Structure formats: C-alpha cells, structure tokens
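Heads up, the thing below is written out as structure tokens.
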Amino acid sequence: VNPTDHLATMPIAEASTKPAEEQQSQQPNPKLDRYSWLIRPCSIYKEELRVCRSRAYRKHHEFVYGAQPDCSQWAVDYDNCLQQNDDRPAFEALVLSEMRRRHARLRAMTGNDVWQYRDQPPAEWNSPLPSGAAEASTVDRLTLTGADEALNSSFEQYGVLGPMSIGARMSQCTLL
C-alpha cells in the first residue's frame, strides 16, 4: 500500500508560476476550497523568500546543487498570499502551488526504496513488556526522594541552596 494513494484524487493541474493577475481568465475551481488548509500564513512565505534570497542560502545551494536557487515561486506565493482574500485566482494559484510543493515532498518520500511500507502493524505490537523491563520502567518515589535529600545536603554544607530546595521554596512563593 502506497501512503500517497489518496493523493491521486487531488485536482493537481500544471498551474503556471505567473502571478494571479495573469490567470484571471480561468474559471473558479470549487474543488480547491477543501484544500485551503494547505495555505500558510503570509509571514511564512515572506520568511521563505527572505531566506532564499540570503547570501548564506545562495552559497549553500550553489555548493550542494551547483546552481543559484530560483526564488521566483516564493515571491509569487507571497504576492498571491497578500491578495488571496480579495482575489479568487490568487487563492487558487496559492493552493495549487502548495499542492505541487507537497507532492514533490511526498514523491521524495515514496521514491525511497530503502524502507518497505507495511500494510498492517506487527502482530505483537501491543503485547505487555517483559517482566524485567516493566520493573525497570517503574519509578520508586522513595528512592528519588532520598537521592534529592542527599543532593540538597551536599549543597547546603557549602551554604548554597540545592536544586531541590530551590524548587520547593519556589512552590511556596505567591505570584502577584
């Protein structure tokens, strides 16, 4: 079972990277309304554009990929985000851009042939822990309290409050 099978029903069209003003002639697509959750806050698009244009990112991208990054899609997405409430084509262009970005990310995940996807969980995934592991995972409160007191006394011999004393005294404080 491929975890991205449900994506086959998504209305992905090859939307251009042109600004929304140039896509006015297209008819509204009501199917895209249900994918409005893909749209990020405009501040995210602005930050992505700022990072993409930064000198450090450009240098890193050129070192890794051998070419300068193309930041034009982030600029278009930021412009469309600012216009999305007043302009239906801007909203649709932004949703389609996010869908393309999501598909590229999922394509990289499913293209990884190192891991094999499971159809169902292992048979004994919810079985109880072995007795030794169950006992080791329980916390003995008395042991911890004794260790805390020993730690505090070692601090107090030097006239310093121990970490557990500080916590106890802070819980007695009243905030105004």
Side-chain angles (χ1 to χ4, degrees), residues 1-129 133 137 139 166-167 170-171 173-176:
V1 173
N2 189 343
T4 59
D5 285 344
H6 70 284
L7 297 176
T9 60
M10 293 175 81
I12 293 293
E14 286 300 321
S16 66
T17 58
K18 297 177 186 174
E21 298 88 34
E22 298 176 24
Q23 298 177 5
Q24 290 285 345
S25 62
Q26 296 179 355
Q27 295 296 322
N29 187 351
K31 291 181 181 179
L32 292 179
D33 288 338
R34 69 180 196 197
Y35 297 108
S36 63
W37 60 270
L38 288 171
I39 297 177
R40 309 170 195 196
C42 293
S43 61
I44 301 287
Y45 295 108
K46 184 177 183 179
E47 180 65 16
E48 290 284 356
L49 181 60
R50 186 191 68 76
V51 168
C52 186
R53 290 178 174 168
S54 72
R55 186 179 308 159
Y57 180 76
R58 288 184 154 314
K59 228 173 170 51
H60 171 75
H61 194 278
E62 187 173 6
F63 178 78
V64 173
Y65 299 105
Q68 292 288 321
D70 180 21
C71 302
S72 61
Q73 187 60 45
W74 287 116
V76 169
D77 288 346
Y78 179 59
D79 291 340
N80 286 338
C81 185
L82 294 175
Q83 300 171 14
Q84 72 174 330
N85 293 331
D86 303 328
D87 192 14
R88 179 66 185 196
F91 168 79
E92 291 178 0
L94 192 56
V95 169
L96 289 173
S97 173
E98 284 296 329
M99 291 171 90
R100 279 194 311 277
R101 193 172 288 125
R102 183 171 184 233
H103 273 280
R105 195 170 57 246
L106 291 174
R107 199 175 18 246
M109 178 190 76
T110 57
N112 182 355
D113 59 355
V114 173
W115 302 103
Q116 185 177 21
Y117 291 105
R118 291 186 254 193
D119 295 331
Q120 55 191 7
E124 298 178 9
W125 73 272
N126 201 16
S127 62
L129 294 173
S137 68
V139 177
I166 293 171
M170 287 179 68
S171 66
C173 295
T174 304
L175 296 176
L176 300 177

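This structure is a prediction, so every number in the text was calculated from the model and none was measured. For the numbers below, each heavy atom of this structure counts, side chains included, while hydrogens, waters and symmetry mates do not.
- To the nearest 0.5 Å, atom CD1 of residue I39 and atom CD1 of residue I44 are 13.5 Å apart.
- For the pair R100/H103, no side-chain contact is recorded, criterion being any heavy-atom separation below 4.5 Å from C-beta on.
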side-chain contact (heavy atoms from CB on, under 4.5 Å) between R101 and L38, intermediate numbers included = CA-CA 10 Å; R101 193 172 288 125; L38 288 171; over 6 Å; no
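- Atom-to-atom distance recorded for L49:CG and D79:CG is 8.5 Å, nearest 0.5 angstrom.
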Would you please test N80 and Q84 for side-chain hydrogen bond (donor to acceptor under 3.5 Å, both in side chains) and show each step?
-> CA-CA 6 Å; N80 286 338; Q84 72 174 330; over 6 Å; no
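- Looking at S54, its side chain does come within 3.5 Å of a backbone N or O of V51 through a donor-acceptor pair.
- Nearest heavy atom pair, residue C81 against residue P41, reads SG-C, 4.3 Å.
- Side-chain atoms of E48 and D77, non-hydrogen and from C-beta on, never get closer than 4.5 Å to each other.
- Rounded to the nearest 0.5 angstrom, Q120 CD and W125 CH2 are separated by 12.5 Å.
- Taking 4.5 Å as the limit, some side-chain heavy atom of D33 sits within range of a side-chain heavy atom of F91.
- The OG atom of S43 sits 12.0 Å away from atom CZ of R50, with the distance rounded to the nearest 0.5 Å.
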Under 3.5 Å, which donor-acceptor pairs link side chains of residues 56-64 to any protein atom two or more places apart or in another chain?
unit_1	atom_1	unit_2	atom_2	d
R58	NH1	Q68	OE1	3.1
H61	ND1	A67	O	2.9
E62	OE1	Q68	NE2	2.8

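- Here Q73 contributes atom CD and Y45 contributes atom OH; the two are 10.0 Å apart, rounded to the nearest 0.5 Å.
- With rounding to the nearest 0.5 Å, the separation of CD in E124 from CG in N126 is 11.0 Å.
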